[in-house]
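Have a look at the structure below, then the notes.
All values below come from the heavy atoms of this structure, side chains included, with hydrogens, waters and symmetry mates left out.
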Amino acid sequence: MIAANTAVELGLDMLGYADVSKGGGQATPSKKKLRDALMSYPEGRAEILLASLFLELENATSLDDVRKALPNYERLVDSTAAAM
């Protein structure tokens with residue numbers, strides 16, 4: 001269970017997600033949703049990425065799923081950093 005106001009919870013809020021610690025879970029954010037959040041909240045980039053990776057892990061069926069997704073996160077961080 002996630003404690004209130006953790007980095008993951010703050011990131012989920014910036015992504016526009018409900019608190020997944022209350023059950024149910026959420027889908028991994030789309031590339032557009034993640035990019036929009038990173039551009040809207042540049043001061044919360046670490047929390048947004050942490051929350052996205054949290055959701056990625058929650059929804060992964062294997063560690064390989066997560067390994068395949070990581071390069072997409074790296075490219076997204078690079079492209080949003082260049083746009084700022």
Side-chain angles (χ1 to χ4, degrees):
M1 181 174 229
I2 302 168
N5 298 319
T6 64
V8 170
E9 191 169 275
L10 291 171
L12 290 171
D13 187 45
M14 288 181 233
L15 281 165
Y17 281 86
D19 181 5
V20 295
S21 68
K22 294 181 180 162
Q26 300 286 345
T28 305
S30 67
K31 186 176 180 180
K32 181 184 179 340
K33 187 171 195 153
L34 187 53
R35 182 189 319 269
D36 290 348
L38 289 169
M39 296 299 287
S40 296
Y41 303 101
E43 72 284 355
R45 286 175 41 170
E47 290 84 354
I48 293 166
L49 290 171
L50 183 61
S52 298
L53 290 171
F54 170 80
L55 292 172
E56 194 77 50
L57 289 168
E58 287 285 307
N59 293 309
T61 56
S62 71
L63 188 55
D64 282 337
D65 290 346
V66 177
R67 285 186 180 139
K68 290 175 187 173
L70 288 179
N72 295 330
Y73 282 94
E74 290 179 41
R75 285 190 293 275
L76 186 61
V77 168
D78 290 343
S79 67
T80 55
M84 293 180 176

Closest contact, heavy atoms only, Gly11 versus Ala51: C-CB, 3.6 Å
Minimum heavy-atom distance Glu56-Val66, with the two atoms named: O-CG2, 4.4 Å
Derivation of the side chain to side chain contact (heavy atoms under 4.5 Å, CB included) call for Leu34 and Thr80: CA-CA 10 Å; Leu34 187 53; Thr80 55; over 6 Å; no
Contacts of type side chain to side chain donor-acceptor pair (under 3.5 Å), residue Glu47, not counting sequence neighbours: none
Partner residues of Ser62 under the side chain to side chain donor-acceptor pair (under 3.5 Å) criterion, sequence neighbours left out: none
With rounding to the nearest 0.5 angstrom, report the [atom1] to [atom2] distance, [X] to [Y].
{"X": "Leu50", "Y": "Leu10", "atom1": "CG", "atom2": "CG", "value": "10.0 Å"}
{"X": "Ile48", "Y": "Ser40", "atom1": "CD1", "atom2": "OG", "value": "8.0 Å"}
{"X": "Phe54", "Y": "Leu49", "atom1": "CZ", "atom2": "CG", "value": "15.0 Å"}

Partner set under salt bridge (charged side-chain N to carboxylate O under 4.0 Å, His left out) for Asp64, not counting sequence neighbours: Arg67
Salt bridge (charged side-chain N to carboxylate O under 4.0 Å, His left out) against Asp36, all qualifying residues, sequence neighbours excluded: Lys32
Sequence-distant partners of Lys31, side-chain contact (heavy atoms from CB on, under 4.5 Å), two or more places apart: Arg35, Leu76
For Leu53, all residues meeting side-chain contact (heavy atoms from CB on, under 4.5 Å), sequence neighbours excluded: Leu70, Tyr73
Sidechain-backbone polar pair: Tyr41 side chain, Leu15 backbone, donor-acceptor under 3.5 Å: no
